Amino acid sequence: MTAFSSDFMRIIHERGFVDACTHAEELDALLKAETVSAYIGYDCTAPSLHVGSLVSIMLLRWFQKTGHRPVVLMGGGTTRVGDPTGRDDARKMLTDDEIAANMAGIKGVFARYLTFGDGAGDAVMVNNADWLDGLAYIPFLRDYGRHFSINRMLTFDSVRMRLERETHMSFLEFNYMILQAYDFLELARRDGIRLQMGGADQWGNILNGVELGRRCDGVSLYGLTVPLITTASGAKMGKSAQGAVWLNEDQLPAYDFWQFWRNTEDADVGRFLRLFTELPLDEIARLEALGGAEINEAKKVLAHEASTLARGEAAALAAAETARAVFEQGGVGEDLPSVTVPADELAAGVSAPALFTRVGLTASNGEAKRLIKGGGARINDVTVEDIGRMVTDGDLKGGEIKLSAGRKSHALVRVG
RNA sequence: GGAGGGGUGGUCGAGUGGUUAAAGGCACCGGACUGUAAAUCCGGCGGGGAAACCCUACGUUGGUUCGAAUCCAACCCCCUCCA
């Protein structure tokens, strides 16, 4: 690997952020010579981003840390089209209201990772609806459509996959890559942006933008992608017991976020520390060298660092405290999910399955019953033997009742 | 527009009149083993019910039948070839 002279290129290569890069030496020289603006686009398909996007967010953060100017592009316009990349069916069409709501949710995430403002190195956020919504069809086709070769477009993975699998692809979706390419050109023109970054699956889309810039304006644009992160056992990263690992607090409590990192597979610890924390590499090397059960210490560091970035240090410490109380002392912690039951209702008794469902440990009474039959349900750490078990105020311990589903999921019932 | 093929549970994919809440795989959830890891093995995996059992579900809507995911009709959507 080439020795890079710019801090950004050196650091992200050392830390494993780079999947592919267009003319890396040239880009390195540019980053060394001047303050560069780079962007990553995020479509508004969900009310929050999840850990799958975190690699790219960390990348923007390093970009800013090394003296450059990150631009977050909200895909207010492209979300209305729908990126076909990596899917063999069309996305559900989102209404404009849904897109606006999703965008509002996603925007909040970035404030924790980037410093926004008007200064030279400050991050900015833009919305491609600002220029895409107003495009006029015929002029657009004449000015830009002529630069796109259908023959070439058909060879891109996102399209080819649909063709090979003989699944439907609408013209609407087919246009996504053109619009994304145009985004890059537009941003280069209006804001001097030279670099687009993104996930490995965006490589084709990014290249289109690079080429469009050269063809239309003769400018040198650059592209860089980060690898798709899978766990050592091959699964796509980002599932927790509760489903997707969202970055937004309102989508996933800090305790669950912390737990997600704490449960990292041994083989992933070093890689994740490099990608998702900013600890020095020698410290990471020391942590990942820990053997056997010792590696758990490294996982706690990972959980702390990642949680501090996403949710703040106080939330990270509180989550760690709860985890310690629950797992190392077999007790309870403040951060466990909880539900409050009226005193008179509890006095009368609530069936165990209903209570497990009520606190969210199970999705239905049936599931709760199956959990009990399988021996996975516990009340105050005592296995529930009978699906007819009633829970009453007699079960209160220190004003709380601890419910557990399996070894890892716990919740509290309080009286109110 | 014509001819043919197809739309099944979170997903992939069997099933072509009753014994099918629907084989099998994956994902997921429990249990055992561990270190809140991985791998492995075991169990579970639509909703309600203590249970008997009831309800909902096989693109949509009707129909045939004692009985339909399975047969018929119309419609919607997808794929292939033809125009």
Side-chain angles (χ1 to χ4, degrees), chain A residues 84 86-93 161-173 230-245 255-273 287-304 307 319-333 335-336 349-354 356-358 360-379 381 383-390 403-411:
Chain A
R87 316 189 114 239
D88 56 9
D89 58 339
R91 288 174 186 278
K92 181 170 86 80
M93 277 272 219
M161 196 181 83
R162 294 282 188 90
L163 293 176
E164 281 174 359
R165 305 191 64 175
E166 297 180 346
T167 54
H168 171 76
M169 178 177 216
S170 69
F171 185 65
L172 175 73
E173 296 173 272
T230 54
T231 65
S233 41
K236 220 183 236 181
M237 184 191 176
K239 288 272 182 61
S240 78
Q242 347 292 320
V245 180
Y255 170 73
D256 293 314
F257 189 81
W258 193 95
Q259 278 293 318
F260 167 75
W261 296 103
R262 173 63 185 81
N263 284 304
T264 297
E265 293 178 26
D266 288 9
D268 289 326
V269 171
R271 191 162 51 109
F272 285 6
L273 281 167
L287 287 169
E288 76 177 321
L290 294 172
E294 296 263 289
I295 191 97
N296 285 326
E297 292 310 311
K299 293 182 189 179
K300 288 180 196 172
V301 172
L302 172 62
H304 177 74
S307 297
E321 183 45 48
T322 290
R324 181 160 41 246
V326 171
F327 290 100
E328 294 175 21
Q329 289 154 22
V332 299
D335 263 11
L336 289 179
V350 181
S351 82
F356 271 82
T357 301
R358 195 144 147 193
L361 290 176
T362 50
S364 67
N365 283 2
E367 191 181 314
K369 287 171 192 166
R370 290 194 294 269
L371 178 71
I372 292 170
K373 283 177 188 162
R378 276 163 294 130
I379 295 173
D381 301 307
T383 302
V384 181
E385 304 289 351
D386 172 19
I387 62 175
R389 162 82 144 91
M390 295 302 283
L403 303 185
S404 309
R407 300 248 82 86
K408 291 188 195 172
S409 305
H410 309 275

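Keep in mind that this is a model prediction, so the values were computed, not measured. In what follows, every chain begins at residue 1, and chains take the letters A, B, ... in the order their sequences are listed.
- Taking side-chain N and O atoms only, A:H168 has a distance below 4.0 Å to OP1 or OP2 of B:rC79.
- Counting only heavy atoms from C-beta on, A:N263 has its side chain closest to B:rU36 among B:rG35, B:rG44, B:rU36.
- To the nearest whole angstrom, the two P atoms, one in B:rA50 and one in B:rG63, are 36 Å apart.
- In this structure, A:R262 atom CZ and B:rA38 atom P are separated by 11 Å, rounded to whole Å.
- Along RNA chain B, the nucleotide closest to A:A377 and the one closest to A:A363 are compared, and the more 5′ of them pairs with A:A377.
- Both distances falling under 3.5 Å, in either a Watson-Crick or a G-U wobble arrangement, place B:rC41 opposite B:rG31.
- Applying the 4.0 Å criterion to OP1 and OP2 of B:rG46, one finds that A:R370 has every side-chain N and O outside that range.
- For A:L371, the listed nucleotide lying nearest its side chain is B:rG30; candidates were B:rG35, B:rA38, B:rG30.
- OP1 or OP2 of B:rA37 lies within a sub-4.0 Å distance of a side-chain N or O belonging to A:K408.
- A salt bridge is absent between A:R262 and A:E328; no separation between the charged side-chain nitrogens and carboxylate oxygens falls under 4.0 Å.
- Comparing B:rU64 with B:rG17, their C1' atoms sit 11 Å apart, to the nearest whole Å.
- Between B:rG46 and B:rG9, the distance separating the two P atoms is 14 Å to the nearest Å.
- Just one of A:L273, A:D268, A:L287 meets the side chain to side chain contact (heavy atoms under 4.5 Å, CB included) condition when paired with A:L302; it is A:L273.
- Not a single donor-acceptor contact under 3.5 angstrom links the side-chain atoms of A:N365 to the base of B:rG47.
- Side-chain rings of A:H410 and A:Y255 stay apart, their centers remaining 6.0 Å or farther from each other.
- Between A:S364 and the phosphate of B:rG48, there is a side-chain N or O to OP1/OP2 separation shorter than 4.0 Å.
- A:R407 has a side-chain polar atom (N or O) that falls below the 4.0 Å cut-off from OP1 or OP2 of B:rA32.
- A:K373 is not listed as a side-chain neighbour of A:R370, based on a closest heavy-atom distance of 4.5 Å or more.
- Taking only side-chain nitrogens and oxygens, A:K369 comes nearer than 4.0 Å to OP1 or OP2 of B:rG49.
- In this model, the phosphate group of B:rA37 is not approached by any side-chain N or O of A:N296 to a distance below 4.0 Å at OP1 or OP2.
- In this structure, A:I387 reaches the sugar-phosphate backbone alone: every heavy-atom distance under 4.0 Å involves primed, P, OP1 or OP2 atoms, never a base.
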